[in-house]
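These notes are about the structure you will find just below.
Treat the numbers as computed from the prediction; the structure is a model and nothing was measured. Counting starts at 1 for both ligands and their atoms, in listed order. What you see below is based on every heavy atom in this structure, not just the backbone, and it leaves out hydrogens, waters and symmetry mates.
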Amino acid sequence: MQIAVFSAKPYDIRFLTERNAVHGHGLHFFDARLAAETAQLAHGKPAICAFVNDQLDRATLAALAAGGTRMVAMRCAGFNNVDLRAAAELGITVARVPAYSPHAVAEHAVAMMLTLNRQVHRAWNRVRENNFALDGLLGFDLHGCTVGVVGTGSIGRLVARILRLGFGCEVLAHDVRPDPELVAIGVRYLRVMDLAPLADIITLHCPLTPQTRHLINATSIEAMKPGVMLVNTSRGALMDTEAVIVGLKSGHIGYLALDVYEQEADLFFEDLSNEIIQDDVFQRLLTFPNVLITGHQAFFTREALTNIADTTLGNLSDFEQGRPLANRIGVEHLGH
Ligand code: NAD
């Protein structure tokens, strides 16, 4: 099948091309991000492949459908950027990669906690300048501290297990569907507002839905422990960034780790080192010594990219050959 692959970076081209050997699809790679204006690149292709910051709104999907596209294969787990209702109405099938390496994201979230707590990012710079002073690098033991895990699906449950079984943290969790296996290892499920005042660290692993948008806001921050560490490797819009900046300025938020950012579509995955960044909120975040930002790289491991390529190409082959599509997503997933 002929497939237009949008937002294709060198690593996408490498892994998709390697794993396509057994599928034999015609892959057409475009660096361009998918939006209504770029949809014409897919003209005449029955399928397209897109990623987290591609814009699959009604206008884009209508343009794709007009060009003959009948399938969208998302090479990611999240699908908040896809108008599933419009896709259904236009007769476009949508599939995703539900879990490619939950370990990759869970391990990155823990790496960010350790980096911020033990100030590894600052220590690295100091030592390069022969500054071996320790003042300002004081951390705390993760062992025994209380971590709130919001969303205990495939990624959140691993974070909970690493922190509980590996570090000996008290783990509190919040999910609309509690996981009995986590309860069996001593994880306690609470309502999010009950978890907030107890947690030294709060890490987000729920999807972005209308219910979770700006879950972290001025009110929920107010309810948190002073000095709390917030970690977001899930989706930027789970946090009201301006409210988080107020919390950082007052010191109520002691540490902030972000792998995702509400306006990341204008920034992430591109080399902007020669550009003037126009996003003042993002620039303000970068001024805090206790803020650590990575550019949506939590998923970025060899294992994850291999699994993403295999599942995406498998979804495309299933669609082409009329087999049941296990990873199909539709309107019934809205609000999930
Ligand atoms: P998942 O669907 O397996 O788990 C999500 C969990 O959140 C489920 O247990 C669900 O019941 C729960 N949930 C849903 N609504 C909730 C709510 N209102 N409050 C609390 N919990 C709620 O998803 P996953 O694979 O664990 O991924 C989680 C998120 O991580 C994805 O939605 C995606 O946005 C993000 N992600 C980020 C990266 C990255 O590279 N940074 C990579 C993959 C996924």
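- Ligand 1 places these atoms under 4.0 Å from at least one heavy atom of D259: 39 (C), 40 (O), 41 (N).
- Residue contacts with ligand 1 for V105 involve side-chain atoms from C-beta outward but no N, CA, C or O (heavy atoms, distance under 4.0 Å).
- Shown in contact with R177 at under 4.0 Å from a heavy atom are these atoms of ligand 1, numbered in order with element: 11 (O).
- Distances shorter than 4.0 angstrom occur between a heavy atom of S234 and an atom of ligand 1.
- Between the side chains of H108 and T233, no donor-acceptor pair of N or O atoms lies under 3.5 Å.
- At a cut-off of 3.5 Å, with distance as the only test, no side-chain donor of T152 or D179 sits close to an acceptor on the other residue.
- Under a 4.0 Å criterion applied to the non-hydrogen atoms of C206, ligand 1 contributes the atoms 7 (O), 21 (N), 22 (C).
- Taking a 4.0 Å cut-off on heavy atoms, T209 fails to register as neighbouring ligand 1.
- For F51 and F269, the gap between ring centers is short of 6.0 Å.
- Distance alone, capped at 3.5 Å, places no donor-acceptor pair between the N315 side chain and the A73 backbone.
- Only the side chain of H296 comes within contact range of ligand 1, with a heavy atom under 4.0 Å; no backbone atom does.
- Which of D175, V97, L258 comes nearest to atom 10 (C) of ligand 1 through a heavy atom is settled by distance: it is D175.
- Checking E129 against N131 by side-chain atom types alone, no donor-acceptor pair falls below 3.5 Å.
- In the candidate list R191, H174, R157, Q297, H174 is nearest to atom 19 (N) of ligand 1, counting heavy atoms.
- More than 12 heavy atoms of other residues, nucleotides or ligands lie within 6.0 Å of CZ in R323, so this atom counts as buried by the packing criterion.
- Contact annotation: L208 has no heavy atom less than 4.0 Å from any atom of ligand 1.
- Using a 3.5 Å distance cut-off with no hydrogens or angles, the side chains of Q2 and H28 do pair a donor with an acceptor.
- If you number the atoms of ligand 1 from 1 as listed, the ones under 4.0 Å from a heavy atom of F299 come out as 40 (O).
- Side chains of N20 and T17: a donor-acceptor N/O pair is absent below 3.5 angstrom, by distance only.
- Note on F30: it clusters hydrophobically with M74, by side-chain heavy-atom contacts below 4.5 Å among ILVMFWY residues.
- Considering backbone and side-chain N/O atoms, V260 never comes within less than 3.5 Å of an N/O atom of ligand 1.
- Using a 4.0 Å cut-off between a side-chain N of Lys or Arg and a carboxylate O of Asp or Glu, R33 and E37 do not qualify as a salt bridge.
- In summary, the side chains of N81 and Q55 do not present any donor paired with an acceptor at a separation below 3.5 Å, with no hydrogens or angles considered.
- Nearest-residue assignment for atom 27 (O) of ligand 1 (options I155, V192, L204; heavy-atom criterion): I155.
- Considering each of A109, G153, S154, the one bringing a non-hydrogen atom nearest atom 24 (P) of ligand 1 is S154.
- Close contacts of ligand 1 with R235, meaning ligand atoms under 4.0 Å from a residue heavy atom, involve 33 (C), 34 (O), 35 (C), 36 (N), 37 (C).
- Residue contacts with ligand 1, taken as heavy atom pairs separated by less than 4.0 Å, involve T212 solely via side-chain atoms from C-beta onward.
- Atoms of ligand 1 lying under 4.0 Å from at least one heavy atom of T152, given by number and element, are 9 (O).
- By the criterion of a heavy-atom distance under 4.0 Å, neither the backbone nor the side chain of N80 is placed next to ligand 1.
- Only the side chain of Y100 comes within 4.0 Å of ligand 1, judged by heavy-atom distances.
- H205 and T203 are linked by a side-chain donor-acceptor pair at a separation below 3.5 angstrom, with hydrogens and angles left out of the test.
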